[in-house]
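Accompanying notes for the structure given below.
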Amino acid sequence: MTLRERKAGLVGAFIALLGASMLITAFGILLQSGLGSGVTTQRYAGADLVVGGKESFSVTAGKTKSKPLEQPAPLRSDVVDKVASVKGVRLAVADVTFPAQVVKEDGGLDSGGGEQPSAGHGWSSAALGPFKLEEGRAPRSTGEVVLDADLADRADASPGDTVRLATTERARDYKVTGVASLQGVDGPLRSPAVFFSDSEATKLYGHPGKIDAVGVLAAPGTDVDELAGRLDDRLSDAGVKLYRGDSRSQVEFHDVASARSGLTDMAASLGATVVLIAMIVVASTLALNVHQRRRELALLRAVAATPRQVYKMMAAETLIVSLVASVIGCLPGVFVAQLMRGALSWIGMLPEDFEFSYGPLPMLVAVAASVIAAELATIGVARKAVAIRPVEAMGDAQIEKSKLGGGRLFAGLLLFLVGIAASLLPLFFGSVFAVAGAGTGGLIMVIAILLMAPPVVSLASRIMAGPIRRRTGPHGFLAVANTRTNARRLAAGIGPLTLAIGFAMVQLCIPTTIANAAQDQARQGIVSDFTLQGGPGGPPLSVVEDAASVPGVEAATGVMRVPVHASREVWGSPEIFGYQAQGVTSGDVSKTIDLDVTDGSLKKLSGDVAAISSGAASTLGAGVGDRIRLSMPDGIELKPEVVAIYERGLGFGDVTVPQETVREHSVRQLQDAVFVKAERDADQGKVREGLRRLSDRYPGLEVLDKGGLSAAQQEQALMSVLTSALPLVLVFGYLAISVANTLVLATLGRVREFSLLRLVGAPAAQVMRMMRVEGGMVVAIAVVLGTLVPLLPMATISLGLTGSPVPHIPVPIYLAIVALSALIGLAAILLPARLALRTSPVEGIGLRE
């Protein structure tokens, strides 16, 4: 009955819950898709099973904890013989993948026309497709290749022709001996294939004794499930994983494996944040509804309704509204997930052909989470309503009390103090804990402001009262009085608006501050005169030696970057930290790169050693002479000795190791960049020209002057900022809708107030002027609070990372956030006010509350 009579009052909660369900569904689909395959396998389509490397590593320090690798680890080549010896295996084929691109007539590189550039493989792996020769024969010796049909068409090559290929070595001419096509797969390959003889493929792969995967063809009549069980038993001690069906693509396409990992991390971390924000927004909306119904609830208490009965009524109302809203919200959630897939593809985080998984589980989770969040919020807002004593009920309902309950005020003050303490951590510690703690502290302070919103709004209105009254006259006086008297009502809108601005500031400005600091450190730390980039995924290893031999060059340093994980024991359990590591070639690194070493020396960077940034040193509790636990890209744990600590970790990576270490524990075959230092008296122009001539041997090689972040680092930094901005847009949009919804309902609920003002002589125009002032105060309070509260953690993070307390806040973006917030707030107040003033004062004064 009450729900039918109070439909309008619950519209706000309905819209907030619908938006929450929509976002949770979208992030759930992201998480489910990250756990799926992403794309359909192609080159492994004919393999019954694929044996790949492990996908995670484990660290034991008191307890054992596992962490996923960015892509499956490589395998030892002797795994092929173990697989082949298992009963039911007809053929076990080793597969390796390495860059191999056709050089065009103008010296540029042909991308191959697929989602990924063309890649090289051994001819024996063609059986896994299977690939069928359309023309010619298989490659038998060095200098011979078979091209897949689409790539052959692009290169206008046929058997007997010669093509120039850029690989992991110097570019050279190859004889095309055949053209092959993949059977049973429609469309072009996402990574066009170039097949070499097996011996040459192993050489170009560059990692003797290692392979990427083993394709398994079962003998006729063999049950694949039974074969998989036998392979599991046979390879139990080899650290491998079996893949079948679409999961085979995780081994075939390394870009897909990396995308899945990033997608899972983003969805899992933001999903919990969305649920928390939804709970806060729903609680604020329900609080407004309870406030508008205080007379009704008071009357129920006065006529002997027990607290339990009132609560059960409110809980039942919330259950019905939340169920209906969350179920409806699932459908637009699927559409939002599709939009996010397109956006993530646009920024480069996902391959364009990455397919999302739209199962029922994310929708069920969204419904359950929305209902639980709504019921928990109802418990909070209904507590005071059901606790009123019957004798005091009607009197308590007459006047809104601005004073908060002791419990809520204590919780708000405690959270604010905790947020301040967390925000100050970067001033005392340089670890990743401090940065993460400060960012969390900013959000905690914003939430604390939400809890204390009524007295904060009242205090802010007192501060603004004098100037507003002097400048705006009687309507300003009324606006100030309304704001101070109805602080609770306005806090329901100001609180979420403050949260929207504060969340946007923390979520966006911390990544931009880090990215800006990284750019500055890289610019200051590169003391070389030239930077070499480009090629088939990067400069080949031999570019370092060839660059060093150019007349006038003093030193050349190759840099190869990979993700690594370091760990330490914290309170009896291992904590694992992800870092970017750079492997540098031997020689005096300081001639080309200045890492700003504060302890130790990079001259000792050879063998089982590492240099780490000061931030990593603080996080890991390590110093020069100590050994750290480092898990490499293949999941193998090393314990290198720390020989140096440096300051420029953001610009160059928090871990620096000899390049031999990176190559031994990864499948990297190319450099990310080569830094070249010219001799002091050398002619810079001649040196540049000599380096440019290297492009004859290495097509696609670019010679840049000095430089800051490499192209790969710039792309990674931009992706980090955009990845933070994308969910920010969604959450900010949700908060904006919730704010508008709350303010609209609050304003429409003031028809009787507006009617009374008009009956005592205030014209409609004066009421609108009053509402403009009041709307301006609401927006101003929210903008000031949403901006000032996150400034403390952003300043301390900036100070800890860059030495400057001034964070990098993109001014156009900040102004856009403020302008959008102001537009939403003003429109949500002024438009419904104008609508409410259309009601006749005589009719309006008689309306029910």
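Every value quoted in this text rests on a predicted model; they were computed, and no experiment measured them. Values reported hereafter were calculated over all heavy atoms of this structure, with side chains retained and with hydrogens, waters and symmetry mates removed. Quick note: residue numbers are just sequence positions, from 1.
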Self-check item: Full working for side chain to side chain contact (heavy atoms under 4.5 Å, CB included) between Glu144 and Trp123
Solution: CA-CA 11 Å; Glu144 296 181 343; Trp123 172 250; over 6 Å; no
Quiz item: Going through the checks in order, is the side chain to side chain contact (heavy atoms under 4.5 Å, CB included) test met by Val194 and Leu151?
Solution: CA-CA 8 Å; Val194 181; Leu151 184 58; 3.5 Å; yes
Quiz item: Between Gln116 and Phe253, is a side chain to side chain contact (heavy atoms under 4.5 Å, CB included) present by the stated rule, with each step listed?
Solution: CA-CA 9 Å; Gln116 293 291 303; Phe253 305 119; 5.8 Å; no
Practice problem: Take Thr177 and Val146 through the test side chain to side chain contact (heavy atoms under 4.5 Å, CB included) and record every step on the way to the result. | Solution: CA-CA 6 Å; Thr177 63; Val146 167; 3.6 Å; yes
Practice problem: Please assess Phe131 against Phe195 for the test ring-ring contact (aromatic ring centres under 6.0 Å, His included), listing each intermediate value before the final yes or no. | Solution: CA-CA 10 Å; Phe131 283 84; Phe195 294 104; 4.9 Å; yes
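At a threshold of 4.0 Å, the pair Arg76-Asp634 does not count as salt-bridged, since none of the basic side-chain nitrogens sits closer than that to a carboxylate oxygen. Between Glu575 and Lys65 there is a salt bridge, with a side-chain nitrogen of the basic residue lying less than 4.0 Å from a carboxylate oxygen of the acidic one.
The closest side-chain heavy-atom distance from Asp546 to Arg170 is below 4.5 Å. Counting heavy atoms from C-beta outward, Val145 and Pro139 have side chains that stay 4.5 Å or more apart. Side-chain atoms of Pro640 and Val657, non-hydrogen and from C-beta on, never get closer than 4.5 Å to each other. Using a 4.5 Å heavy-atom threshold, the side chains of Met560 and Leu541 count as touching. The closest side-chain heavy-atom distance from Val103 to Leu109 is below 4.5 Å. Annotation: side chain of Ile636 is not in contact with side chain of Glu664 (no heavy-atom distance under 4.5 Å). Annotation: side chain of Leu31 is in contact with side chain of Thr264 (closest heavy-atom distance under 4.5 Å).
At least one donor-acceptor pair closer than 3.5 Å links the side chain of His121 to the backbone N or O of Val96. His207 places a side-chain N or O within donor-acceptor distance of the main-chain N or O of Arg663, the cut-off being under 3.5 Å. At least one donor-acceptor pair under 3.5 Å links the side chain of Ser666 to the backbone N or O of Val662. Panel note: side chain Arg248, backbone Tyr44; a donor-acceptor pair is recorded below 3.5 Å. Between the Thr167 side chain and the Pro99 main chain, no donor and acceptor come within less than 3.5 Å of each other. Formation of a donor-acceptor pair under 3.5 Å by the Asp48 side chain with backbone atoms of Val224 is not found in this model. Side chain of Asp233 to backbone of Arg230: no donor-acceptor contact under 3.5 angstrom is found. When atom types are taken as modelled, the side chain of Glu252 and the backbone of Arg43 share a donor-acceptor pair closer than 3.5 angstrom.
Of the N and O atoms on the side chains of Gln582 and Thr656, at least one donor lies less than 3.5 Å from an acceptor on the other residue. For the residue pair Ser357/Ser33, the side-chain donor-acceptor check at 3.5 Å is not satisfied.
When each of Arg164, Arg154, Lys104 is paired with Asp110, the salt bridge (charged side-chain N to carboxylate O under 4.0 Å, His left out) condition holds for Arg154 and for no other.
Separating the CG atom in Asp212 from the OG1 atom in Thr97 is a distance of 4.5 Å, to the nearest 0.5 Å. In this structure, the separation between CZ on Arg90 and CG on Leu227 is 12.0 Å, given to the nearest 0.5 Å. To the nearest 0.5 Å, atoms OG (Ser345) and CZ (Phe354) are separated by 9.0 Å. With values rounded to the nearest 0.5 angstrom, Met632 atom CE is found 11.5 Å from Glu637 atom CD. The distance from atom CD of Gln669 to atom CD of Glu169, rounded to the nearest 0.5 Å, is 11.0 Å. Put simply, CD on Glu660 and NE2 on His665 are 11.5 Å apart, with the number rounded to the nearest 0.5 Å.
Counting non-hydrogen atoms of neighbouring residues, nucleotides and ligands closer than 6.0 angstrom, the CZ atom of Arg140 reaches no more than 12 such neighbours. In the displayed structure, Phe335 atom CZ is contacted under 6.0 Å by at most 12 heavy atoms of other residues, nucleotides or ligands.
Between Phe98 and Phe196, the two ring planes are tilted [angle within 30° to 60°].
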